[in-house]
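Everything on this sheet refers to the single structure shown next.
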Amino acid sequence: MTGRSRENYNRNYIAYVNTFAPPTKHFKTCGRAFLVGGFICCIGQFLRYMLELAGLSGDVLAGTVSVILIFFGTLLTGLGVYDRIGRNAGAGSIVPITGFANSVASPAIEFKTEGYVYGTAAKMFVVAGPIIVFGVGAGAAVGLIYWLLGL
């Protein structure tokens, strides 16, 4: 196949696929993602303010807010609510820490019928596993560099 005929073939194929694909509403999708992601972050900020009023500060405050958001993300995933939020909000539900909790809990719930070891435990980190591995690895590397430099 020559270059020109391949180009025509590709163009015809794309035109054929576009006849079946529904049009994407980019602005509507981005708007929803922005609003939902922002709302989740506002909830986190509200929790932070409330816990500051309760007397927490520093790392304890940050850790407590993170744990609460992870708990609610996992709870909503288990109840099936987070999937509906994600269907309507797109990336707005994935980006905050609750989306990370969802990415760990969803496969665990989905594969629980295969048993606790081969299903829940093995599939829990299918999506989030690389993030955890590289995050821990990068953290260890940075810590080692800081230690070697004496900072």
Side-chain angles (χ1 to χ4, degrees), residues 10 13-151:
N10 287 341
Y13 179 74
I14 290 171
Y16 174 73
V17 169
N18 286 338
T19 60
F20 292 102
T24 306
K25 300 172 180 127
H26 297 292
F27 291 112
K28 186 176 180 181
T29 305
C30 288
R32 282 185 186 168
F34 176 76
L35 290 174
V36 171
F39 182 68
I40 292 170
C41 292
C42 286
I43 291 171
Q45 192 64 41
F46 174 76
L47 289 170
R48 181 178 172 90
Y49 286 146
M50 292 297 110
L51 291 171
E52 273 182 325
L53 290 175
L56 296 179
S57 63
D59 290 340
V60 174
L61 175 63
T64 305
V65 171
S66 296
V67 167
I68 291 171
L69 288 173
I70 289 169
F71 170 76
F72 281 118
T74 307
L75 178 68
L76 292 175
T77 299
L79 296 174
V81 174
Y82 208 88
D83 293 336
R84 286 184 292 197
I85 294 169
R87 217 173 295 124
N88 292 317
S93 65
I94 299 171
V95 174
I97 194 168
T98 53
F100 183 74
N102 175 265
S103 70
V104 172
S106 289
I109 293 168
E110 184 177 342
F111 292 102
K112 72 179 181 182
T113 57
E114 295 179 21
Y116 287 115
V117 175
Y118 292 115
T120 302
K123 301 294 184 180
M124 187 182 326
F125 298 108
V126 167
V127 175
I131 296 168
I132 293 171
V133 169
F134 290 116
V136 169
V142 169
L144 181 63
I145 291 168
Y146 270 76
W147 181 72
L148 290 173
L149 295 175
L151 297 176

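In what follows, every heavy atom counts, from backbone to side chain, and hydrogens, waters and symmetry copies are set aside.
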query = Closest heavy-atom contact between Ile85 and Ser93?
reply =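 Nearest heavy atoms, Ile85 then Ser93: CG2-CB, 4.1 Å.
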query = Do you know which two heavy atoms are closest between Thr64 and Val60, and how far apart they sit?
reply = OG1-O, 2.6 Å
[X] [atom1] to [Y] [atom2] distance, which is reported to the nearest 0.5 Å:
X	Y	atom1	atom2	result
Thr77	Phe72	OG1	CZ	13.0 Å
Leu61	Tyr49	CG	OH	11.0 Å
Arg48	Ser57	CZ	OG	9.5 Å
Asn102	Ile97	CG	CD1	13.0 Å
Thr74	Leu69	OG1	CG	10.5 Å
Leu75	Ile70	CG	CD1	13.5 Å

ask   = Parallel, tilted or perpendicular: which describes the rings of Tyr16 and Tyr13, with under 30° parallel and over 60° perpendicular?
value = tilted
Tyr82 side chain to Gly99 backbone, donor-acceptor under 3.5 Å = yes
ask   = More than 12 heavy atoms of other residues, nucleotides or ligands under 6.0 Å from CG of Asp59: is that the case?
value = no
request  = Would you indicate whether the side-chain heavy atoms of Ile43 and Thr98 approach each other to under 4.5 Å?
outcome  =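 In short, these two side chains do not touch, never coming nearer than 4.5 Å.
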